[in-house]
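The shown structure was predicted, so the numbers you read here are calculated from the model rather than taken from an experiment.
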Amino acid sequence: MNPTETGPAKEASPCRRRYLRKLGLTVDCRIKKLQKGILQDNAGARATLAKLRRGVNADPGAIPDIWDYTYVDVPDGAPDAPTREEMAVHIAMTLYAVHQQSRSGPMHKPGFGFGRAARALVGGEGENPSARGRFNALVTASTIAELRSHLRSFIQLLRSKEEGIGFDYAAFAEDLLAFQNPGGDRTVRLRWSRDFYNFQASDGEDSSSVNGRDSADGGRPLSAE
């Protein structure tokens, strides 16, 4: 099912958060720490958010001021181009900064998927054709550069709604990583489509996360700093 097809709208209900791997745990830890400061109107947190926003159009590693929030470990002999992990974390962190700007509530909402946030914005068939068109363009992107371009404007739409429409940026970062794998665009598109129509596994988890434990990394964050 793709976002252009009609389907019964379902009200968003609480759901169990899908299992996070190493990269998602890292993003979750960094954003929660930053978001806590923002919601407490901490001047340092606001300054960090402003710095991150300046990176929304920059390449990973291009802005030293935000390295503490965007770096990831890379193997020896890594290529000069950003790794998939670097790209995913950089995009997630900088888009969160755009999303959270001037919002009094949290825009990182653990357990609330990106597809569900899109549905909250788009609504049912014919309700918000402009936003639906933006979402359709976003989910049919085939490269990370194209996806990133569409995401910038879509996040602004989510932010502009009264009270803002947030979502789980940790799970989103893992989607951005998966998207860059061979055939990953199709996997992520299906996940977001299911989320858009609120399809879940019987135990309440996102169906794509069942048996998703990564024993190699033990579920530890890359860094909590």
Side-chain angles (χ1 to χ4, degrees), residues 14-36 38 48-49 52 55-56 60-61 66-75 82-100 106-118 138-139 144 147-148 151 154-155 158 165-196 199-201 203-225:
C15 63
R16 187 183 305 171
R17 191 181 198 184
R18 84 184 198 218
Y19 181 84
L20 294 176
R21 295 177 175 83
K22 188 176 181 180
L23 183 137
L25 289 168
T26 297
V27 170
D28 188 52
C29 185
R30 292 177 183 174
I31 290 185
K32 280 182 175 176
K33 179 180 177 181
L34 179 59
Q35 184 164 265
K36 181 179 180 180
I38 292 296
T48 297
L49 205 70
L52 282 166
V56 74
I66 64 174
W67 285 351
D68 284 348
Y69 283 86
T70 61
Y71 79 91
V72 300
D73 293 330
V74 296
T83 65
R84 293 169 182 171
E85 290 80 6
E86 286 174 317
M87 185 65 74
V89 172
H90 179 89
I91 293 174
M93 293 299 302
T94 55
L95 285 178
Y96 165 74
V98 170
H99 201 166
Q100 188 64 60
M107 293 299 101
H108 172 46
K109 296 185 176 181
F112 198 82
F114 178 71
R116 286 160 64 88
L138 185 156
V139 297
I144 191 64
L147 178 64
R148 186 184 183 188
L151 280 169
F154 197 76
I155 294 301
L158 292 173
I165 301 173
F167 59 86
D168 191 333
Y169 268 88
F172 179 67
E174 294 193 345
D175 289 340
L176 294 175
L177 177 61
F179 183 93
Q180 298 173 78
N181 294 328
D185 59 326
R186 295 189 296 273
T187 300
V188 172
R189 189 176 300 124
L190 176 60
R191 183 181 297 156
W192 287 350
S193 176
R194 287 172 173 170
D195 200 25
F196 188 88
F199 292 159
Q200 296 175 16
D203 66 354
E205 292 187 20
D206 175 274
S207 60
S208 65
S209 69
V210 177
N211 298 323
R213 181 174 293 274
D214 188 342
S215 59
D217 62 47
R220 299 185 179 218
L222 295 170
S223 170
E225 298 179 0

Could I get the full list of side-chain hydrogen bond (donor to acceptor under 3.5 Å, both in side chains) partners for Thr48, not counting sequence neighbours?
->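 side-chain hydrogen bond (donor to acceptor under 3.5 Å, both in side chains) list for Thr48, sorted by chain: empty.
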Approximate separation, where rounding is to 0.5 Å, of [X] [atom1] and [Y] [atom2]:
X     : Y      : atom1 : atom2 : answer
Lys36 : His108 : NZ    : NE2   : 14.0 Å
Ile31 : Tyr69  : CD1   : OH    : 10.5 Å
Asp73 : Leu23  : CG    : CG    : 11.0 Å

Please report the shortest heavy-atom distance between [X] and [Y], naming the atom on each side.
X      : Y      : result
Pro60  : His90  : CA-ND1, 3.6 Å
Ala117 : Gly166 : CB-O, 3.6 Å
Tyr169 : His99  : OH-ND1, 2.8 Å
Thr70  : Val89  : O-CG1, 3.6 Å
Asp168 : Pro110 : OD2-CA, 3.5 Å
Gly24  : Ala170 : O-CB, 3.2 Å

Do the ring planes of Phe167 and Phe172 sit parallel (below 30°), tilted (30 to 60°) or perpendicular (above 60°)?
->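 Phe167 and Phe172: perpendicular rings.
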Under the criterion side-chain contact (heavy atoms from CB on, under 4.5 Å), which of Leu52, Ile38, Leu95, Leu34 is the partner of Gln100?
->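 Among the candidates, only Ile38 passes.
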Side chain proximity check, [X] to [Y], heavy atoms < 4.5 angstrom:
X      : Y      : value
Ile144 : Ile91  : yes
Tyr96  : Leu49  : yes
Arg30  : Asp68  : no
Arg191 : Phe114 : no
Leu158 : Met107 : no
Leu190 : Arg186 : no

Pair Glu86-Val74, side-chain contact (heavy atoms from CB on, under 4.5 Å): steps then yes or no | CA-CA 8 Å; Glu86 286 174 317; Val74 296; 3.5 Å; yes
Could you go through the salt bridge (charged side-chain N to carboxylate O under 4.0 Å, His left out) check for Asp185 and Arg189 one step at a time?
-> CA-CA 6 Å; Asp185 59 326; Arg189 189 176 300 124; 3.6 Å; yes
May I ask you to decide if Ala178's main-chain N or O and Arg84's side chain share a donor-acceptor pair within less than 3.5 Å?
->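 Looks like no, no N/O pair under 3.5 Å.
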NZ/NE/NH1/NH2 to OD/OE distance under 4.0 Å, Lys32 and Asp28 =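 Yes, Lys32 and Asp28 are salt-bridged.
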Would Leu176 and Leu151 count as a side-chain contact (heavy atoms from CB on, under 4.5 Å) if you check the C-alpha gap in whole Å, the side-chain angles of each, and the deciding distance to 0.1 Å?
-> CA-CA 11 Å; Leu176 294 175; Leu151 280 169; 4.0 Å; yes
From CA spacing to verdict: side-chain contact (heavy atoms from CB on, under 4.5 Å), Trp192, Leu138 | CA-CA 11 Å; Trp192 287 350; Leu138 185 156; 3.6 Å; yes
